[in-house]
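Here the structure is a predicted model, which is why all the values come from computation and not from measurement. Counting convention: from 1, in listed order, for ligands and their atoms alike.
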Amino acid sequence: MTKPLAGIRIIDFTHVQAGPACTQLLAWFGADVIKVERPGAGDVTRSQLRDIPDVDALYFTMLNSNKRSITLDTKKPDGKAVLEKLIKGSDVLVENFGPGALDRMGFTWERIQELNPKMIVASVKGFSDGHHYEDLKVYENVAQCAGGAASTTGWWKGEGAGPMISAAALGDTNTGMHLAIGILTAIIGRQQTGKGQKVACSMQDAVLNLCRVKMRDQQRLEKVGYLEEYPQYPHEMEAFADKVTPRGGNAGGGGQPGWILKCKGWETDPNAYIYFTVQGHAWEPICDALGKPEWKTDPAYTTAKARQPHIDEIFATIEDFIKDKTKFEAVDIFRKYDIPCAPVLSMYELLRDESLRKSGSIVEVDHPARGKYWTIGSPIKFSDLKPEVTASPLLGQHTDEILAELGYDGDKIATFHAVGVV
Ligand SMILES: CC(C)(COP(=O)(O)OP(=O)(O)OC[C@H]1O[C@@H](n2cnc3c(N)ncnc32)[C@H](O)[C@@H]1OP(=O)(O)O)[C@@H](O)C(=O)NCCC(=O)NCCS
């Protein structure tokens, strides 16, 4: 089967997570992704948080599958010449260096266009061009703070109150996914114009794009003065006094209130919980499931707004109903009533989840140095493409092969090795 991106060559000048996640996705779909790394060291994630001495860390192997690796010192004249050749023969260059690093290396947008007018140059930065913070270097949690996720996540009162970081990579992998959409769009655009273009996605923008409902809430709050679906309504109206969207704990973000509820064993199992959503049109089935038929007709419960003052009582009733049921048993009951809910799944459980393994969302890969390991496969499924995840490359594993493809002979390649260009 020909993969859809076969024939697209990508120079993968990325490191850490945001850039590598983007190029890994494109490699799964068939692009020839050539990871360009500094000789001797490579991507810093190869050596960070190693679980096996001297073997590429899982951080690296889980973000760089299906790629080839060439080492190249792009600050040396010969290294620059190799990169120029690569640019001339490639479709896309993806980078996520600190602001200005590519320019300092001599590869400005103008220079790249001179070398290859069809080139698409895709970048991740912390902030967008021209932003008053454009010079800042940024990692995941910095982006979550700058993009609105941290101020709207967590508890608004009590112990642990304050902005909170999500464990999900909203700044890193999420930005990489946005960038991948930008790259594919630019490739389609190039089919029409014959020209490449610059594509950029800032981590702040990518986080903000996921905080759309919170920006919605900010505007509603400024207009209406309160947010009726927030847990503070109506008992803690002072939380809305400063007209700043408050944190909502585990509340649902849409029009359907939801909460994380305790199940059997929560006292000792940190993940013995389910998420339960009180979906408007599922109210009657919820009453049936809970054995509370009187709530079906009581005007104090029949609309979402009427229920909100009683939402704690409603959740307490559900918790009481499931206190002798495991999270899986609880979901098995509620699913019969079409109630949107799920168990809180731990990483231990997800790693062993048969459905995820069957669908290819979790896959086992054989690596030449570490042996077998599990990684997260393509979250996107196709009818005519089953992405196969292969091992991440060892540092410089394909250096000689790629140099030969670029036309360098054995003597020249040996010289490059001898003088540390590769
Ligand atoms: C992630 C980040 C904070 C790391 O910062 P850092 O470790 O200081 O690394 P930088 O990217 O700033 O710098 C890399 C340097 O290595 C150099 N370099 C990279 N690859 C090289 C190569 N193959 N040969 C020679 N030099 C190389 C760069 O030219 C740059 O040098 P310079 O600063 O002297 O110009 C920074 O890259 C960044 O802000 N990136 C943009 C946002 C982002 O993607 N964040 C991470 C999300 S996971």
Side-chain angles (χ1 to χ4, degrees), residues 11-25 34-49 57 59-60 62-64 67-87 93-108 111-112 121-129 131 133-147 149 165-180 182 199-207 393 395-396 398-399 402-403 416 419-422:
I11 303 172
D12 182 19
F13 225 173
T14 70
H15 63 163
V16 205
Q17 185 175 161
C22 166
T23 48
Q24 174 173 258
L25 186 90
I34 299 176
K35 183 149 178 126
V36 179
E37 297 177 85
R38 221 190 306 225
D43 188 329
V44 69
T45 59
R46 285 187 185 270
S47 55
Q48 273 178 352
L49 308 175
Y59 197 10
F60 180 85
M62 292 176 76
L63 282 159
N64 291 284
K67 302 180 183 179
R68 298 197 283 166
S69 165
I70 177 174
T71 51
L72 196 61
D73 187 335
T74 54
K75 285 190 172 163
K76 292 195 166 136
D78 279 341
K80 284 188 206 291
V82 174
L83 185 59
E84 285 185 3
K85 273 188 180 241
L86 266 176
I87 289 172
L93 182 151
V94 189
E95 64 91 22
N96 68 319
F97 293 128
L102 204 59
D103 293 352
R104 287 194 292 278
M105 223 182 261
F107 291 93
T108 59
R111 176 72 188 129
I112 292 172
V121 175
S123 298
V124 169
K125 296 286 168 266
F127 296 88
S128 54
D129 269 357
H131 190 286
Y133 283 147
E134 71 174 349
D135 55 316
L136 284 178
K137 288 185 173 181
V138 169
Y139 281 112
E140 171 67 49
N141 295 349
V142 179
Q144 288 200 27
C145 289
I165 298 299
S166 166
L170 310 180
D172 285 345
T173 285
N174 171 45
T175 309
M177 298 303 102
H178 279 78
L179 193 69
V199 183
C201 187
S202 83
M203 295 168 72
Q204 181 190 39
D205 287 352
V207 172
L395 180 61
H398 306 94
T399 300
I402 293 164
L403 289 174
F416 282 162
V419 299
V421 166
V422 299

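Contacts between Q17 and ligand 1 below 4.0 angstrom, taking non-hydrogen atoms only, involve backbone and side chain alike. With a 4.0 Å cut-off on non-hydrogen atoms, T71 does not touch ligand 1 at all. Proximity of R38 to ligand 1, defined as any heavy-atom pair under 4.0 Å, is shared by backbone and side chain alike.
Atom 8 (O) of ligand 1 has K137 NZ, 2.5 Å as its closest protein atom, hydrogens excluded (heavy atom only). In terms of protein heavy atoms, atom 45 (N) of ligand 1 is closest to V138 O, 2.7 Å. Protein heavy atom nearest atom 40 (N) of ligand 1, with residue, atom name and distance: N96 O, 3.0 Å. Shortest contact from atom 31 (O) of ligand 1 to any protein heavy atom: K75 NZ, 3.0 Å.
Proximity of E140 to ligand 1 is not established, as no heavy-atom distance is less than 4.0 Å. For K76, the heavy-atom gap to ligand 1 stays at 4.0 angstrom or more.
Set against the non-hydrogen atoms of H15, the atoms of ligand 1 under 4.0 Å away are 1 (C), 4 (C), 9 (O), 11 (O), 37 (O). Near V124, meaning under 4.0 Å from any of its heavy atoms, are these atoms of ligand 1: 41 (C), 44 (O). Heavy-atom proximity to G98, at under 4.0 Å, picks out these atoms of ligand 1: 10 (P), 11 (O), 12 (O), 36 (C), 37 (O), 38 (C), 39 (O), 40 (N). Every atom of ligand 1 with a heavy atom of D73 under 4.0 Å away is listed here by number and element: 24 (N), 25 (C).
Not counting sequence neighbours, the partners of F97 by the ring pair (Phe, Tyr, Trp, His ring centres under 6.0 Å) test are F13, H15.
Looking at heavy atoms from C-beta onward, D43 lies in side-chain contact with N64 at the 4.5 angstrom threshold. Counting heavy atoms from C-beta outward, K125 and Q204 have side chains that stay 4.5 Å or more apart. Residues D103 and T108 meet the side-chain proximity criterion, which asks for heavy atoms closer than 4.5 Å.
With hydrogens and angles ignored, the 3.5 Å screen pairs a side-chain donor or acceptor of Q144 with a backbone N or O of S166. Looking at K80, its side chain does come within 3.5 Å of a backbone N or O of M105 through a donor-acceptor pair. Without hydrogens or angle criteria, N174 side chain to A206 main chain gives a donor-acceptor distance under 3.5 Å.
When the options D172, V16, V142 are ranked by their closest heavy atom to atom 47 (C) of ligand 1, first place goes to D172. Counting heavy atoms only, F97 comes closest to atom 19 (C) of ligand 1 of the residues Y139, F97, F107, F13.
Of the candidates T399, D78, D73, V422 forms a side chain to side chain contact (heavy atoms under 4.5 Å, CB included) with just one, namely T399.
Protein heavy atoms are absent from the space less than 4.0 angstrom from atom 13 (O) of ligand 1.
Side-chain N/O atoms of Q17 and Y59 include a donor and acceptor closer than 3.5 Å.
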